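Take a look at the structure below.
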Protein chains: 2
Amino acid sequence: MKENKNQLLSPAEYIPHLAFDSVIFGFNGRELKILVLEYHNTGLFALPGGFVKHNETLDTAVKKGLEVRTGIKDVYLEQFHTFGGLSRFQPEIMKTILEANHISSVENEWMLKRFISVAYYALINFTDVKPTPDALADSIDWYAIDSLPKLMLDHQDIVNKALETLRENLDRKLIGMNLLPNKFTMKDLQLVYEAILGTKLERTAFQRKMLNKDILVRHEKLFSGGAHKAPYLYSFKS
Amino acid sequence: MKENKNQLLSPAEYIPHLAFDSVIFGFNGRELKILVLEYHNTGLFALPGGFVKHNETLDTAVKKGLEVRTGIKDVYLEQFHTFGGLSRFQPEIMKTILEANHISSVENEWMLKRFISVAYYALINFTDVKPTPDALADSIDWYAIDSLPKLMLDHQDIVNKALETLRENLDRKLIGMNLLPNKFTMKDLQLVYEAILGTKLERTAFQRKMLNKDILVRHEKLFSGGAHKAPYLYSFKS
DNA sequence: GTTTTATTGTTTCATATTGTTACAATAATA
DNA sequence: TATTATTGTAACAATATGAAACAATAAAAC
């Protein structure tokens with residue numbers, strides 16, 4: 001990770017007091033997961049985030065940050081809330097992180113200030129992501145949303161709000177689309193919905209509802225080798 | 001307004017580059033309106049907004065700002081989006097405003113910088129508001145949402161997004177509650193819904209739906225003097 | 001007083017949506 | 001060829017929604 005420290009954090013380049021955090025959702029076929037990073041030698045876990053340059057749109061800052069972290073372009077990305085509480089402001093924590101990385105907290109005093117953070121969630125195809133840690137972190141890993149480590153500052157609140165928003169948007173937006181591979185079975189789709197909602201759904205009602213939405217294209221069958229009828233594969237209409 | 005200029009804008013007190021804007025909805029019985037202010041001698045119209053102090057929560061900054069502007073405490077207030085585009089950054093416009101108010105744009109250079117704005121909408125009881133203009137503006141008035149003046153910067157986008165969010169939340173949150181007086185008829189409530197959605201609704205279906213929600217308490221009838229059956233008054237369940 | 005008028009509250013019926021159950025189809029295996 | 005597990009579809013019930021009819025009633029007109 002040493003080479004990352006060069007690309008660091010020239011204070012004048014960034015808008016002070018403003019950050020973003022991202023809740024990056026992925027689905028491994030059974031569980032809903034998010035990316036969480038751990039700061040080197042601190043035991044501190046956090047959501048991947050970043051800062052916004054003076055000449056750069058908020059949205060593009062986040063988009064670029066996500067690409068760096070996951071290697072993926074064209075992610076489904078949605079802003080859902082801006083966190084501006086005072087509980088966010090704990091300079092000792094940031095100091096700990098900087099010191100653990102042997103970075104002068106004097107030179108980087110701006111990072112010890114209070115930050116307002118605009119939070120986004122992203123939905124990505126679990127399988128084709130290359131998680132890449134922060135300049136300050138030494139690992140980033142997938143965690144199931146119901147067994148996250150204790151997150152620093154208000155990051156657990158951010159996750160909760162992201163999940164809440166995801167649930168509210170589930171029927172209105174094509175959320176399943178962005179968490180699945182191109183082709184998938186009806187069961188795959190149902191598993192995504194169940195993972196997000198945290199409940200079981202009726203198989204037949206779910207199938208009927210999805211088909212009636214007229215958003216799916218049916219393809220060839222998938223012969224899995226199981227001793228039973230083979231399911232159709234579907235994709236979302238362009 | 002002269003006396004307002006004293007309470008102005010000490011640069012060090014506020015978080016730089018961060019602002020909020022508020023879309024304040026009111027309902028006059030027929031139309032949905034919002035508060036828009038006009039900057040002195042500039043012909044520029046804008047949403048009421050403000051800045052956030054270093055030791056103050058984002059939410060409380062907005063709450064206090066609203067109280068100053070409307071005289072109302074305990075407003076229904078909801079954050080809905082943060083605007084961070086570059087089209088927001090037009091220092092000449094801010095300069096014009098400051099100069100029109102005989103305020104040095106040198107001393108207040110921080111106000112000419114780029115701002116990211118967190119937008120909130122508020123729902124208030126039209127009748128008991130005392131609109132009070134900005135330190136920089138000389139009027140603030142109600143405008144029907146479909147006949148707003150041309151707003152500066154991206155403020156029209158902010159209004160559009162507020163309205164969109166309001167419509168999406170209409171059935172989930174008790175929006176009508178905050179736009180009506182304590183007691184109201186079913187027709188009053190329907191008019192609020194119609195004004196927000198911009199469409200006509202079926203009277204009987206609307207009534208049934210509202211009654212089935214089990215959120216209303218029925219009170220005495222309202223004898224308006226009209227030559228017809230008197231409607232019941234309702235209030236929202238505490 | 002009786003009739004008329006406008007509006008409101010409720011009911012009814014048709015239609016659409018959702019929940020539940022049943023059943024037929026079928027890919028591999030025994 | 002029969003068995004097994006799973007999938008697709010159909011059938012029926014329960015619920016919600018849209019549209020229309022109908023009954024109630026406050027004030028004004030007569």
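On a predicted model such as this, the values are computed, not experimentally measured, just so you know. By convention in this document, chain letters (A, B, ...) are assigned in the order of the sequence lines, proteins followed by strands, and residues within each chain are numbered from 1. For the numbers below, each heavy atom of this structure counts, side chains included, while hydrogens, waters and symmetry mates do not.
When distances run from any side-chain atom of B:Pro231 to the nucleotides D:dA5, C:dA27, C:dT8, the shortest one goes to C:dT8. Looking at the side chain of A:Gln207, the nearest of the listed nucleotides D:dA26, C:dT8, D:dT9 is D:dT9. With distances taken from any side-chain atom of A:Thr204 to the nucleotides C:dG9, C:dA22, C:dG19, the minimum falls on C:dA22. Between D:dA21, D:dT17, D:dT7, one nucleotide has an atom nearer to the side chain of B:Arg208 than all others, and that is D:dT17.
At whole-Å resolution of the value, CZ in A:Phe206 and P in D:dT9 are 15 Å apart. In this entry the distance linking CZ of B:Phe223 with C1' of C:dA6 reads 16 Å, nearest Å.
The only option from A:Phe20, A:Phe51, A:Phe89 that meets the ring-ring contact (aromatic ring centres under 6.0 Å, His included) definition with A:Phe115 turns out to be A:Phe51.
Residue contacts for A:Ala205: at a heavy-atom cut-off of 4.0 Å it reaches a base atom on one of the strands shown.
Checking the phosphate oxygens (OP1, OP2) of D:dA5, no side-chain nitrogen or oxygen of A:Lys229 falls inside 4.0 Å. In this model, the phosphate group of D:dA16 is not approached by any side-chain N or O of B:Lys209 to a distance below 4.0 Å at OP1 or OP2.
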Quick one: do A:Asp154 and A:Lys161 satisfy salt bridge (Lys or Arg N to Asp or Glu O under 4.0 Å)? Show the steps, please. CA-CA 11 Å; A:Asp154 58 350; A:Lys161 183 90 180 177; over 6 Å; no
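Residue order along DNA chain C, read from the 5' end via each residue's closest nucleotide, puts B:His228 first among B:Arg218 and B:His228. A residue-by-residue look at B:Tyr232 and B:Ala227 shows that B:Ala227 has its nearest nucleotide of DNA chain C further toward the 5' end.
A:Arg203 contributes a side-chain N or O that forms a donor-acceptor pair with the base of D:dG8 under 3.5 Å.
Listed for the A:Glu194 side chain is a donor-acceptor partner under 3.5 Å among the backbone atoms of A:Leu201.
Note: B:Phe184 and B:Phe236 meet the aromatic proximity criterion, with ring centroids under 6.0 Å apart.
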